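Here, residue 1 is the first one in the sequence, and each next residue gets the next number. If you're wondering where the values come from, they're calculated on a predicted model, not measured in any experiment. In listed order, ligands and their atoms are each counted from 1. Heavy-atom basis, side chains included; hydrogens, waters and symmetry copies ignored.
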Amino acid sequence: MVIKNINLETVCGITSVLPENDKPEIAFAGKSNVGKSSLINALMNRKSYARISATPGKTQTINFYTINEEMYLVDLPGYGYAKVSEQEKIQWGGKLIERYLHTSKQLKAVFLLIDIRHDPSANDKMMYQWILDQGYQPIIIATKLDKIKRSQVQKHIKMLKTGLQLVPGTKVIPFSSQTKQGRDEIWELIETEYLGYGNDEGAEDDK
Ligand SMILES: Nc1nc2c(ncn2[C@@H]2O[C@H](COP(=O)(O)OP(=O)(O)O)[C@@H](O)[C@H]2O)c(=O)[nH]1
Ligand SMILES: [Mg+2]
């Protein structure tokens, strides 16, 4: 994806009316601090457009970033930050996520971010199952790839697959916002699977 312009178009809180966009949406879920904003920045080729929070999980909003006025990257509320009780957090952010997953007519895919270093938490497992229950099969992004040794990557991916009890065939993409490893693979997946690039419709643009 060649990034021509980006814009934080809509920020929604729990009482907000969700936008009725007419362009494809790709959403990102994961616990606070897992690297959602960093991934979105990397996808947009920006250092800090999507806020990298010093106080993670403080605000529970859905942020819609429009890319080239062609599609949206959607930053979902994080979960699992200790300041608010876990239960409250999941319920509160969860309600907003649930409403979004139910009502969006343009949501094409949900990516779930998991820290590659650790066994998935109970909240991660809940979130994965819950996204499945909503009718989406999330693609897993294993974040902070640069934090583990290369020789450990496969072991950690396996740990993640087992821990989340991933549906067979689920894509797992290791990613680092430091080295940008995985970025191109994520864009390619979005472009070919969800934006229709490379099929007849997309090819029209090249003529
Ligand atoms: N080493 C490393 N640090 C990361 C990576 N992604 C995020 N971080 C750091 O983890 C913290 C939380 O990142 P952020 O993107 O705000 O997480 P969010 O709460 O999920 O949006 C920040 O200090 C980031 O710099 C990564 O791939 N590698
Ligand atoms: Mg964030």
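Residue G78 places every heavy atom at 4.0 Å or more from ligand 1. The shortest separation from a heavy atom of S176 to ligand 1 is under 4.0 Å, placing the residue in contact. Using a 4.0 Å cutoff on heavy atoms, D146 counts as a contact of ligand 1.
Note that OG1 of T10 is 8.5 Å distant from CG of N7, once rounded to the nearest 0.5 Å.
Tracing side-chain contacts under 4.5 Å through hydrophobic residues (I, L, V, M, F, W, Y), one reaches V167 starting from V110; they form part of the same cluster. Cluster annotation: V172 and M159 are assigned to distinct hydrophobic clusters (Ile/Leu/Val/Met/Phe/Trp/Tyr, side-chain heavy-atom contacts under 4.5 Å, transitive).
Interface atoms of ligand 1 facing K36, defined by a heavy-atom separation under 4.0 Å, are 15 (O), 17 (O), 18 (P), 20 (O), 21 (O). Atoms of ligand 1 lying under 4.0 Å from any heavy atom of S38, numbered from 1 in the order shown and given with element: 6 (N), 7 (C), 13 (O), 14 (P), 15 (O), 24 (C).
Checked against a 3.5 angstrom limit, the closest N/O atoms of T143 and ligand 1 fall outside it. At least one N or O atom of V34, backbone or side chain, sits closer than 3.5 Å to an N or O atom of ligand 1.
At a cut-off of 3.5 Å, with distance as the only test, no side-chain donor of S121 or N123 sits close to an acceptor on the other residue.
The backbone of S32, and not its side chain, has at least one atom closer than 4.0 Å to an atom of ligand 1 (non-hydrogen atoms only; backbone = N, CA, C, O).
For residues 113-138, the set of pairs meeting the salt bridge (charged side-chain N to carboxylate O under 4.0 Å, His left out) definition, not counting sequence neighbours, comprises D115-R117.
Among E9, K23, E25, the one residue that satisfies the side chain to side chain donor-acceptor pair (under 3.5 Å) test with Y72 is E9.
At a threshold of 2.8 Å, the Mg ion (ligand 2) has a backbone or side-chain N, O or S atom of S37 nearer than that distance.
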